[in-house]
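Each remark here refers to the structure printed beneath this line.
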Protein chains: 2
Amino acid sequence: MTEQPLTRSEENYLKAVYSLSGNTDKGVSTSDLATRLETKASSVTDMVQKLAEKNLLHYRKYQGAKLTPGGKAAAIQIVRKHRLWEVFLHEKLGFAWDEVHDIAEQLEHIKSEELILRLERFLGHPKYDPHGDPIPDPDGRIQARRSMPVSEMKPGMEGVITGVRDSSSSFLQYLDKQQLVLGTRISVVEVFDYDQSVQIETADNRITLSFDVSKNIKVQVENG
Amino acid sequence: MTEQPLTRSEENYLKAVYSLSGNTDKGVSTSDLATRLETKASSVTDMVQKLAEKNLLHYRKYQGAKLTPGGKAAAIQIVRKHRLWEVFLHEKLGFAWDEVHDIAEQLEHIKSEELILRLERFLGHPKYDPHGDPIPDPDGRIQARRSMPVSEMKPGMEGVITGVRDSSSSFLQYLDKQQLVLGTRISVVEVFDYDQSVQIETADNRITLSFDVSKNIKVQVENG
DNA sequence: AGATGATTTTAGACAAGTCTAAACCTGTTT
DNA sequence: AAACAGGTTTAGACTTGTCTAAAATCATCT
Ligand SMILES: [Mn+2]
Ligand SMILES: [Mn+2]
Ligand SMILES: [Mn+2]
Ligand SMILES: [Mn+2]
């Protein structure tokens, strides 16, 4: 009854529900899942019903999908594997942070608990992946960092870049070009009312960030 | 027309045809493939016809399957990936040589040329996998070692264990127990006519090997 | 050559996962 | 309350890879 092996598709659905749920307690809509999984709403309905059958999520017609405790645990394990593999690809194989995601999408489905435990040890028990996202421990516990997007910072505030809200290749490459890598210390010089753009200062540069960009950079602000 | 992505199943069939072909130029029989792939003959017929359609192997009814150059190249790439992953699991993650195969069976299907090139570099361009099997280079070239099974050695001959013909967990664990790991130097003391068993000597021990065991240990014999 | 037995292929079916098109809810507007 | 527009589900179909059972072929032995 417990611990049925999941197919790759099932794992992808659970991960999608998990990531679209965010902090909220609300069900994830069929169409949001369809968009995320690049599939059709009808396919989502089918799969969601199947996963509900397996007690991995709660589902009532027209009310969207919500993970059960078991479903959430499964989803977190996949996230854990994904992020550990990303660390491996980046730290050990030298892939850039914008190149790791697609390969990790494949690697996250490899079935072996022992493999992941050993990989984690080999990597030195990393706490964060190359995009600054926390790596769940073997029991699924996640210690989140409190951080805020640059877009919410006020002039004069300082902090260190600890993550991104958009892991797309184009965004990550843009950050590389601007030398805004994880760990970079920045301070906000000015926020322009006109278009919500933000001027920031690093050790080397002054850069103006569009609102869209500033929303997607997460900063750990000095305790104030 | 070239370079269609292969499914996991197709890859497994190609690899099975490759490994069952050995050196011979003959077609591999449907039933041998079925046994190897733990499936039914009728399933093999279906898949073999599909792969022939894709020009990955030659197939004539009742005549078995033979790899085309394209099919052989594809098969070798999978073998290459399998063996590189085995090295990673053994050398970097510390898995025993009898534990690596099953996980490598999964990892060999990950799709990324770049990943394998980087993995190979990270591993220091190993020439052999943990079972002594040669690792094809990126272009599919394989440099085989000339070796003979212990069962063909005559009394007085010496050599170094370089590989095994059976990678089953039980066989590998047996070798571990007897301290017959790759690189061990052995000499043949006596061959018993009665049951073809072989008495060998290592630096530390004298051990008698059954014919079955002696067939499955490959030795590189001193140039004589 | 004819019969026998093993191997192989075909026919028909099924499960998983997906799709399109049609039917169905639901929330909001008239 | 009825109509409309979105979003959702259902119905029916298709593909891939597999299976069982039946038919076909091959190899071998009288
Ligand atoms: Mn990722
Ligand atoms: Mn990540
Ligand atoms: Mn292997
Ligand atoms: Mn091997």
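Under the rule for a side-chain contact (heavy atoms from CB on, under 4.5 Å), the partners of A:Ala96 that lie at least two apart in sequence or sit in another chain are A:Asp98, A:Glu99. Partners of B:Tyr13 by ring pair (Phe, Tyr, Trp, His ring centres under 6.0 Å), not counting sequence neighbours: none found. Residues passing the salt bridge (charged side-chain N to carboxylate O under 4.0 Å, His left out) test with A:Glu91, sequence neighbours excluded: none. By the ring pair (Phe, Tyr, Trp, His ring centres under 6.0 Å) test, B:His101 pairs with B:His82, sequence neighbours left out. Judged as a salt bridge (charged side-chain N to carboxylate O under 4.0 Å, His left out), and not counting sequence neighbours, the contacts of A:Glu114 are A:Arg118.
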Show which side-chain atoms of residues 142-154 of chain A pair as donor or acceptor with protein atoms under 3.5 Å away, not counting sequence neighbours.
{"unit_1": "A:Arg145", "atom_1": "NH2", "unit_2": "A:Gly132", "atom_2": "O", "d": "3.0"}
{"unit_1": "A:Arg145", "atom_1": "NH2", "unit_2": "A:Thr162", "atom_2": "O", "d": "3.1"}

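In this structure, CE of B:Met47 is placed 16 Å from P of D:dT15, rounded to the nearest angstrom. In this structure, B:Leu33 places its CG atom 16 Å from C1' of D:dT18, rounding to the nearest Å.
Cation-pi check for B:Lys92 over B:Phe122 is met; the charged atom lies under 6.0 angstrom from the ring centroid and within 45 degrees of its normal.
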Sugar-phosphate or base contact per nucleotide [nucleotides 5-10 of chain C; S, B, -; heavy atom under 4.0 Å]: ---SBB

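Within residues 8-15 of chain A, the residues having any heavy atom under 4.0 Å from DNA chain C are, by residue number, A:Ser9, A:Tyr13.
Applying the side-chain hydrogen bond (donor to acceptor under 3.5 Å, both in side chains) test to residues at least two apart or on different chains, the pairs with a partner in residues 61-79 of chain B are B:Asp25-B:Lys66.
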